[in-house]
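Sequence positions, counted from 1, serve as the residue numbers for this chain.
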Amino acid sequence: MFDKFRSLMNSGTVSGYFFQAIPITLIVGIVYAIIRIAVIKKKKLGFNFGKELIKLLFVCYLTGLISLVILPANFWLNLFDGILYGWWNDFAIFSFGYVNLVPSVFKALSGELTLGSWVKTMLIGNFVMFLPLGFFLPFVSKKVNNKSIFLFAALIPAAVELLQLIFGRSFDVDDLICNFIGITAGYFIVRFIIGMMKRRSKKQL
């Protein structure tokens with residue numbers, strides 16, 4: 001069973017990296033839920049199922065996001081292989097990555113780069129992966145509003161890209177742009193949905 005799952009993790013595809021993040025995401029989610037329930041019972045806090053569910057989903061999402069975009073490629077696969085099979089040769093955490101400050105669009109226009117399927121997948125992926133972050137932010141922080149979201153959308157991807165350099169990945173301006181658009185789009189989508197729900201509830205009254 002594990003061998004089949006390992007083959008999925010080691011496929012070298014976007015879905016393969018996603019499967020690598022699933023086990024740690026589930027573990028962190030379960031641990032968080034247990035701790036959160038214990039805190040609520042101990043402090044006798046009010047329990048709002050919707051809010052608690054959003055917090056749990058945010059923790060799981062953040063764990064998966066860190067696994068996919070910050071930690072070295074195949075980090076969890078190599079860790080699993082080291083623990084289960086003793087294969088530690090490919091396990092490395094810290095190494096310096098490369099820097100790309102020229103957007104792929106400019107490279108494509110100059111003929112330096114062809115926007116093939118892999119490039120397009122990465123660009124779309126970096127947008128989609130950060131879309132939920134914009135959705136969750138207004139629920140987990142009261143500091144996020146229509147003005148501050150642009151600051152958050154700029155600072156968070158910048159911090160992620162700097163961390164990627166430490167973990168042997170790249171500081172890529174394409175990622176900054178796509179992440180920024182993804183976060184702001186996710187935020188304004190959820191604000192639009194909330195606004196629609198409020199207007200509908202007022203009409204019903």
Side-chain angles (χ1 to χ4, degrees), residues 1-95 97 121-122 124-141 144 152 155-157 159-170 175 178-179 182-183 186 190:
M1 180 67 179
F2 178 77
D3 289 337
K4 291 182 179 179
F5 187 66
R6 186 189 178 281
S7 65
L8 291 173
M9 292 191 293
N10 197 31
S11 62
T13 62
V14 174
S15 60
Y17 293 123
F18 174 77
F19 281 117
Q20 288 185 36
I22 289 178
I24 188 63
T25 300
L26 292 175
I27 292 171
V28 171
I30 292 171
V31 171
Y32 169 80
I34 293 172
I35 294 175
R36 182 60 182 165
I37 291 172
V39 170
I40 290 174
K41 287 184 176 180
K42 183 177 181 180
K43 296 185 177 182
K44 297 180 180 179
L45 302 174
F47 183 81
N48 185 303
F49 179 79
K51 290 182 178 179
E52 295 300 331
L53 178 60
I54 288 177
K55 290 179 181 178
L56 174 61
L57 292 175
F58 177 69
V59 169
C60 292
Y61 162 75
L62 199 60
T63 303
L65 186 67
I66 291 172
S67 299
L68 290 171
V69 303
I70 295 181
L71 294 178
N74 295 316
F75 174 84
W76 293 114
L77 176 64
N78 293 330
L79 180 62
F80 297 149
D81 286 345
I83 294 173
L84 295 174
Y85 305 110
W87 301 342
W88 294 106
N89 294 333
D90 295 328
F91 189 76
I93 299 178
F94 301 107
S95 61
T121 299
M122 292 306 295
I124 295 172
N126 274 288
F127 166 78
V128 173
M129 281 192 297
F130 279 78
L131 196 67
L133 185 57
F135 176 89
F136 283 119
L137 279 177
F139 293 106
V140 298
S141 176
V144 179
F152 281 101
L155 292 179
I156 293 174
V160 168
E161 292 302 305
L162 289 173
L163 286 172
Q164 283 183 335
L165 277 177
I166 301 173
F167 291 106
R169 306 187 72 162
S170 65
D175 294 350
C178 293
N179 297 165
I183 293 173
V190 74

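Here the shortest heavy-atom pairing between Ser67 and Ile24 reads OG-CG2, 3.6 Å. Here the closest heavy-atom approach between residue Ala33 and residue Leu56 is recorded as CB-CD1, 4.3 Å. In plain terms, the two heavy atoms of Cys178 and Asn126 that are nearest each other are CB-CB, 3.7 Å. Residue Met129 comes nearest to Leu68 through the heavy atom pair SD-CD1, 4.0 Å, listed as atom of the first residue, atom of the second, then distance. Taking every heavy atom of both residues into account, Val190 and Gly134 meet most closely at CG1-O, 4.3 Å.
Put simply, the side chain of Thr25 gets close to the backbone of Ala21: a donor and an acceptor are under 3.5 Å apart.
With sequence neighbours left out, Thr63 forms a side-chain hydrogen bond (donor to acceptor under 3.5 Å, both in side chains) with no residue at all. Partners of Val128 under the side-chain contact (heavy atoms from CB on, under 4.5 Å) rule, at least two apart in sequence or in another chain, are Ile124. Applying the side-chain contact (heavy atoms from CB on, under 4.5 Å) test to Lys41 and every residue at least two apart in sequence or in another chain returns Ile37. Annotation: side-chain contact (heavy atoms from CB on, under 4.5 Å) contacts of Leu163 (sequence neighbours excluded): Ile70, Ile166.
For residues 21-60, every residue pair satisfying the ring pair (Phe, Tyr, Trp, His ring centres under 6.0 Å) rule, not counting sequence neighbours, is listed here: Phe58-Phe136. Judged as a salt bridge (charged side-chain N to carboxylate O under 4.0 Å, His left out), the pairs with a partner in residues 23-38 (not counting sequence neighbours) are, in order, Arg36-Glu52.
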